[in-house]
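In what follows, a structure is listed as structure tokens, so that the remarks can point back to it.
Nothing here was measured: the structure is a model prediction, and the numbers come from that model. Residue indices begin at 1 and follow the sequence shown.
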Amino acid sequence: MKNSRNPGFTLIELMIVLVVIGVLLMVGLPSYQNSVVRSSRSDAQGTLMGFAQAMERFYNQNYSYDGAAAGGTTTGAPDGSVFPDQAPLDGQVYYNLTIEAADDAGFTIRATPIAGSRQDGDGIIELDSLGRRGWDQDNDGTIAATERTWERG
């Protein structure tokens, strides 16, 4: 007599597969999300480097960094003719770019995560005219001496 059992998967086999997929997602998803945040931070850092070059071009034309902000002021969003005010420069934006200080001798520029974006809570990123870098890793609003790097400490 023939076995009338249909070939296929049992409910227990399907449940085991779902559990394995769930475990893989629990392990892999946070790592993926962290990678995406680091990638966006790196993009903002590269944009800050381009912003610094634009500030140097502004200085070469005006013999001062002062006036590069919108409206010819010392601080605030950069004037559109100097550099865009958000990063990344293409696609979905995650950072607002600002000039924190500018005078005849130097500047400090900053990328601040936009509230509600995936970078929210990642901390501000800063660069000055001397090439000093800073990243507020603990997101407390200030860049401490130990945070004078773009790398995680």
Side-chain angles (χ1 to χ4, degrees), residues 3-59 65 68-71 73-102 106-153:
N3 187 353
S4 65
R5 186 166 182 231
N6 288 335
F9 299 107
T10 66
L11 183 58
I12 292 175
E13 290 170 333
L14 288 175
M15 294 299 287
I16 290 171
V17 168
L18 288 176
V19 167
V20 168
I21 290 172
V23 168
L24 290 174
L25 280 175
M26 285 177 20
V27 170
L29 190 60
S31 178
Y32 169 75
Q33 290 172 330
N34 187 33
S35 177
V36 169
V37 167
R38 281 186 285 130
S39 174
S40 294
R41 184 183 324 118
S42 292
D43 193 13
Q45 291 165 347
T47 301
L48 274 181
M49 298 295 281
F51 189 4
Q53 291 172 351
M55 291 294 286
E56 293 299 336
R57 285 191 298 275
F58 183 85
Y59 180 85
Y65 299 107
T73 60
T74 304
T75 61
D79 187 79
S81 65
V82 175
F83 203 76
D85 63 352
Q86 292 187 315
L89 300 179
D90 56 350
Q92 178 73 31
V93 295
Y94 300 109
Y95 289 91
N96 287 321
L97 303 176
T98 55
I99 301 170
E100 292 301 304
F107 64 84
T108 301
I109 54 178
R110 181 178 281 184
T112 305
I114 296 174
S117 74
R118 71 172 171 225
Q119 296 305 113
D120 191 13
D122 192 45
I124 56 176
I125 305 167
E126 213 171 62
L127 179 64
D128 70 14
S129 55
L130 299 175
R132 292 181 293 209
R133 303 169 178 192
W135 169 40
D136 182 18
Q137 297 175 28
D138 58 7
N139 197 35
D140 65 356
T142 60
I143 297 177
T146 58
E147 296 175 320
R148 283 280 161 208
T149 179
W150 282 352
E151 304 299 322
R152 182 155 303 274

Check your understanding: Residues two or more places apart in sequence or in another chain: which of them pass side-chain hydrogen bond (donor to acceptor under 3.5 Å, both in side chains) with Q86?
Key -> N96

**Study point:** side chain to side chain donor-acceptor pair (under 3.5 Å) partners of residues 74-85, not counting sequence neighbours, each pair once
**Key:** D66-T74, D79-S81

Review point. Got a donor-acceptor contact below 3.5 angstrom from the S39 side chain to the S35 backbone?
Key: no

Review point. Under 3.5 Å, side chain of Q33 to main-chain N/O of R118, donor-acceptor pair present?
Key: no

Measure the spacing between [atom1] of [X] and [atom2] of [Y] and express it to the nearest 0.5 Å.
X: L48; Y: D128; atom1: CG; atom2: CG; answer: 11.0 Å
X: Q45; Y: E151; atom1: CD; atom2: CD; answer: 7.0 Å
X: E126; Y: W150; atom1: CD; atom2: CH2; answer: 10.5 Å
X: E147; Y: D138; atom1: CD; atom2: CG; answer: 4.5 Å

Show the nearest heavy-atom pair for residues [X] and [Y], with the distance to one decimal.
X: G121; Y: N139; answer: CA-ND2, 3.2 Å
X: S117; Y: I114; answer: OG-O, 2.7 Å
X: I125; Y: A44; answer: CD1-CB, 4.1 Å
X: V27; Y: P30; answer: O-CD, 3.8 Å
X: P88; Y: D43; answer: CB-OD2, 2.8 Å

Check your understanding: For atom CD1 of I12, is the number of surrounding heavy atoms from other residues, nucleotides or ligands below 6.0 Å larger than 12?
Key -> no

Once side chain to side chain contact (heavy atoms under 4.5 Å, CB included) is applied, do any residues pair with [X], and if so which ones, sequence neighbours excluded?
X: D122; result: V37, R41, Y95, Q119, W135
X: L89; result: T47, F83, P84
X: L11; result: M15

Check your understanding: Which residue pairs pass the salt bridge (Lys or Arg N to Asp or Glu O under 4.0 Å) test when at least one of the two sits in residues 86-100, sequence neighbours left out?
Key -> E100-R110

Exercise for review: Identify the residue among I124, D136, L97 that makes a side-chain contact (heavy atoms from CB on, under 4.5 Å) with T112.
Suggested key: I124

Check your understanding: So among Y65, F51, F58, which one has a ring-ring contact (aromatic ring centres under 6.0 Å, His included) with F107?
Key -> Y65

Review point. Is Y94 close to P113 at the side-chain level, that is, under 4.5 Å between some pair of heavy atoms?
Key: no

Point to revise | pair Q137-T146: side-chain heavy atoms closer than 4.5 Å | key: no

